[in-house]
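Here's the structure, in structure tokens; my notes come after.
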Amino acid sequence: MYIEIVLPIPLEGTFTYFVPTEMETQVLVGSLVLVKFGKSNKPRRGLVLYLKKNPSPIVSLEKIKPILSIESILPVVLRSQLRFWKWISDYYLCTLGEVFKKAIPSSFHTVDSQLKNCNVLPVFSSALNRSKKKIIDNIMYNFQKKDICLLHKNIFLGEKEIYIQIIERMLRQKKQILYLLPDIALATCVINRLKYYFGNIVGVYHSKINLSKQIEIWNNLLYNDVYSIILGVHSSIFLPFKNLGLIIVDEEHDPNYKQQKASFCYHVRNAAIFLATIHGAKVLLGSATPSIESFYNAQIGKYAYIKLYDYLPQIKPLYTIVDVKGLKRLGNEPIFSPLLIKRIKQKLENGVQVLLFQNRRGFSFRIFCKICYWTPKCHFCDISLIYHKKNNQLVCHYCGKNYSLPKECPKCGNIHLKSIGYGTEKVEEEIKMIFNNVVIDRMDFDTVKQKSSLKKVISNFESGQTQILIGTQMVSRWLNMSKVGLIAILNIDVLMNFPDFRAYERTYQLILQILGKVCGNKIQSEVIIQTFHPDHQLIKMIIRHDYRNMYDMQIKDRVLFKYPPLFRLIHIFLYNSDEKLLCKLSDGYIYFLKKNFGNDRVVGHDRPIVGKTKGLYVRKILLKIEINSSPSFVRKILKEIYMQIFNVSYFRRGIVHYDVDPV
């Protein structure tokens with residue numbers, strides 16, 4: 001007997017092996033087997049995909065090796081999982097081996113303790129309690145007509161009770177539930193609430209739990225049916241569910257659902273929707289600021305849509321827009337307007353906390369020469385370096401490499417180098433000069449690299465010891481802001497002007513996520529937004545919490561320029577150590593892409609913001625594909641183009657990487 005197996009390596013196709021007669025009765029689809037692979041005969045663990053009496057005629061019998069042993073008496077994956085893997089492989093343009101390596105628990109996972117003292121679960125208000133049964137009944141009714149429901153939440157109210165009631169109804173139907181969150185920070189907080197209601201039938205699965213616990217959860221789902229509810233992050237979609245009835249995707253808009261660190265880039269929300277299709281399960285997408293894609297699908301009737309009613313708290317935040325153009329004209333960097341300084345003093349006198357939000361770390365954005373405009377860049381990534389004053393170093397925020405601050409311009413010898421822009425480090429330095437007797441702390445990647453540092457920042461802030469906190473978007477996830485009386489968005493223009501077609505959408509979502517932390521506080525909270533464009537329509541939409549007009553504004557541009565949700569995007573990244581060869585390689589790709597897909601669907605090649613990484617030059621091509629196109633067909637064409645290009649010998653040192661549905 002022969003078998004086709006998949007190995008956890010980035011090679012196309014499956015591999016044929018011979019099963020000795022004495023092992024034939026023990027081999028099943030989904031079993032793990034130990035084999036020798038390649039010329040070196042290195043032992044590897046493979047997964048059995050097919051059993052067959054005879055090998056493919058294109059395979060030489062002399063080259064077929066026998067398996068060494070069977071590593072699992074019972075299958076470790078289900079056929080439904082293999083179907084899911086195949087879809088992942090086709091849609092995200094990766095190999096089945098890469099999916100296998102990601103999906104199965106491995107010894108590469110590290111032990112990491114969960115954080116305590118999280119307070120992200122809002123109290124379920126009495127106003128919502130009066131209507132929750134109606135909302136839950138509405139969701140269940142819509143599930144009879146649609147498999148996917150978008151729950152448009154209210155930033156003033158908690159929705160966890162709604163999720164819990166929906167889960168209870170699914171448990172009565174003897175169904176399994178997968179509860180997804182965008183990151184581990186939120187998962188470690190929600191688990192306490194779920195276990196309070198449901199006890200030991202709740203399992204937690206993510207990359208930071210130890211390997212033995214991952215295997216224990218995997219095997220229990222596969223053989224024992226101990227866990228009916230799984231709370232998870234990215235990798236939990238690969239678990240062996242046998243009776244999946246509901247997938248909750250909370251904060252469905254969050255870009256963290258796009259897994260970027262794996263060998264292939266997959267979107268958890270989109271993959272979860274296909275996983276539900278395989279199992280005949282329902283999907284509940286929840287967000288107070290839905291993604292444009294999900295809201296569009298609700299508008300065209302693909303998803304059911306339920307909006308939590310427009311409840312407003314008795315004490316609403318007070319919004320103030322500050323025009324900082326005047327400060328710029330006076331030659332000052334407009335970090336703090338006079339009005340903001342005045343308000344901070346008032347809040348501190350009243351004993352409430354202040355949050356200063358600046359979504360960029362470091363001291364200054366950029367160092368440059370005033371004479372020749374030379375700017376220091378990373379030697380490996382070719383990206384502008386950020387100045388960090390504490391260590392007096394320039395840092396690449398892409399690869400993390402540090403550089404000494406030059407004493408003079410290496411191009412013209414000028415010793416007067418100038419810095420522009422500001423990050424959280426500079427904000428901290430300047431606010432300390434103004435309020436030198438106040439307890440001030442900073443929360444960004446530089447200050448909370450260690451778990452102990454993060455816990456200390458959170459503890460000091462939530463206990464009230466920290467009076468002013470400077471932070472990046474990290475604060476929107478971790479902090480309880482019940483004692484915050486003032487939030488200052490120091491430079492909203494940086495967010496709005498980021499070079500990405502989703503910049504307005506992301507700015508709206510991020511600011512509303514932060515504001516949701518103080519909406520409904522018992523104290524009067526104030527929000528100050530500093531900007532060079534006080535009349536900007538997006539800022540007005542943020543103040544009014546006007547999601548619908550933000551969506552209408554964005555969808556017009558998406559239709560015009562062929563962006564999601566009307567089109568799928570695929571970024572094709574090309575790498576080579578020789579920049580001239582890379583340009584030729586890119587030209588070849590452009591030619592074949594336009595030949596197969598048409599001129600209007602191919603954009604580039606462009607030199608991305610990070611034009612060089614780890615010593616390799618980079619070029620990016622953007623491919624736009626109609627949303628209803630076949631992933632398998634697109635994969636087939638791209639594979640053919642790859643073979644045509646890389647048959648040319650001097651291109652073989654190049655590397656190709658695909659990012660499907662980039663965020």
Side-chain angles (χ1 to χ4, degrees), residues 78 80-94 99 102-103 139-140 142-153 163 166-167 170 175-182 205 230-241 243-259 262 264-287 289-306 564-570 625-632 634-635 659-663:
L78 305 170
S80 59
Q81 287 176 280
L82 296 177
R83 182 184 169 193
F84 183 51
W85 292 8
K86 180 64 169 60
W87 179 84
I88 290 276
S89 173
D90 280 345
Y91 190 88
Y92 290 105
L93 302 171
C94 59
V99 183
K102 173 65 182 175
I139 292 172
M140 298 304 293
N142 276 278
F143 274 153
Q144 296 176 22
K145 300 182 292 182
K146 305 281 185 182
D147 291 329
I148 305 169
C149 178
L150 174 61
L151 178 64
H152 195 156
K153 304 187 298 187
Y163 292 157
I166 296 292
I167 289 171
M170 285 294 175
K175 296 292 186 179
Q176 293 173 316
I177 295 94
L178 173 59
Y179 189 140
L180 289 169
L181 287 160
Y205 192 90
I230 293 293
L231 178 70
V233 193
H234 298 107
S235 55
S236 58
I237 61 172
F238 295 110
L239 286 168
F241 296 102
N243 192 26
L244 189 62
L246 172 68
I247 301 177
I248 296 172
V249 186
D250 199 13
E251 305 300 335
E252 65 84 28
H253 68 277
D254 198 304
N256 278 351
Y257 276 122
K258 181 63 183 294
Q259 174 61 278
F264 59 98
C265 302
Y266 64 97
H267 200 297
V268 178
R269 179 196 63 211
N270 299 348
I273 288 172
F274 186 80
L275 177 65
T277 301
I278 292 175
H279 289 271
K282 305 299 181 181
V283 179
L284 182 60
L285 306 174
S287 175
T289 55
S291 63
I292 297 292
E293 289 89 337
S294 293
F295 193 76
Y296 172 81
N297 284 328
Q299 295 304 298
I300 63 174
K302 186 176 179 180
Y303 298 170
Y305 176 73
I306 297 173
L566 292 313
F567 279 73
R568 287 173 57 210
L569 301 184
I570 301 175
I625 304 294
E626 283 82 358
I627 200 68
N628 57 357
S629 60
S630 165
S632 296
V634 173
R635 180 189 178 94
D659 185 1
V660 180
D661 299 336
V663 298

Checklist entry - Would V268 and N256 satisfy side chain to side chain contact (heavy atoms under 4.5 Å, CB included), going step by step from the backbone distance to the final call? => result CA-CA 9 Å; V268 178; N256 278 351; over 6 Å; no
Item to check | Donor-acceptor contact below 3.5 Å, side chain Q176 vs main chain F241 | outcome: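 Not at all, since once roles are kept as given, no pair shorter than 3.5 Å links the two residues.
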Do [X] and [Y] come close enough that some side-chain heavy atom pair is under 4.5 Å?
X    : Y    : value
C265 : Y92  : no
L150 : N297 : no
Y179 : I230 : no
K258 : D659 : yes
L246 : F143 : yes
S236 : L180 : yes
R635 : S89  : yes
I627 : Y296 : no

Checklist entry - Stepwise, does the side chain to side chain contact (heavy atoms under 4.5 Å, CB included) test hold for F264 with V99? => result CA-CA 8 Å; F264 59 98; V99 183; 4.1 Å; yes
At their closest point, which heavy atom of [X] faces which heavy atom of [Y], and how far apart are they?
X    : Y    : value
E293 : P564 : OE2-CB, 3.5 Å
A271 : I237 : CB-CD1, 3.7 Å
E252 : S294 : OE1-OG, 2.8 Å
Q81  : L239 : NE2-C, 3.5 Å
I88  : C94  : O-SG, 3.9 Å
C149 : I306 : SG-CD1, 3.8 Å

Spatial distance of atom [atom1] ([X]) from atom [atom2] ([Y]) [nearest 0.5 Å]:
X    : Y    : atom1 : atom2 : answer
I247 : I148 : CD1   : CD1   : 9.5 Å
I278 : I273 : CD1   : CD1   : 13.0 Å
D661 : I625 : CG    : CD1   : 11.5 Å
N142 : L151 : CG    : CG    : 10.5 Å
L244 : L178 : CG    : CG    : 6.5 Å
D147 : L284 : CG    : CG    : 12.5 Å

Checklist entry - Partners of Y91 by ring-ring contact (aromatic ring centres under 6.0 Å, His included), sequence neighbours excluded? => result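 Scan of Y91 (ring-ring contact (aromatic ring centres under 6.0 Å, His included), adjacent residues dropped) gives W87.
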Item to check | Test side chain to side chain contact (heavy atoms under 4.5 Å, CB included) applied to V233 and Y257, step by step | outcome: CA-CA 8 Å; V233 193; Y257 276 122; over 6 Å; no
Checklist entry - Would S291 and R269 satisfy side chain to side chain donor-acceptor pair (under 3.5 Å), going step by step from the backbone distance to the final call? => result CA-CA 11 Å; S291 63; R269 179 196 63 211; 3.3 Å; yes
Item to check | Close aromatic pair by centroid cut-off 6.0 Å: Y305 and F295 | outcome: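 They qualify: ring centres under 6.0 Å apart.
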Item to check | F238 ring center within less than 6.0 Å of Y266 ring center | outcome: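 That pair passes the under 6.0 Å test.
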Checklist entry - Which residues satisfy the salt bridge (charged side-chain N to carboxylate O under 4.0 Å, His left out) test with R568, sequence neighbours excluded? => result none
Item to check | salt bridge (charged side-chain N to carboxylate O under 4.0 Å, His left out) against K302, all qualifying residues, sequence neighbours excluded | outcome: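 For K302 there are no salt bridge (charged side-chain N to carboxylate O under 4.0 Å, His left out) partners, ignoring immediate neighbours.
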Checklist entry - Do D250 and K153 meet the salt-bridge criterion of a basic N to acidic O distance under 4.0 Å? => result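 A salt bridge is present here (some side-chain N lies under 4.0 Å from a carboxylate O).
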Next on the checklist: Applying side chain to side chain contact (heavy atoms under 4.5 Å, CB included) to V283 and V249, what does each step give before you reach the verdict?
Outcome noted: CA-CA 7 Å; V283 179; V249 186; 4.2 Å; yes
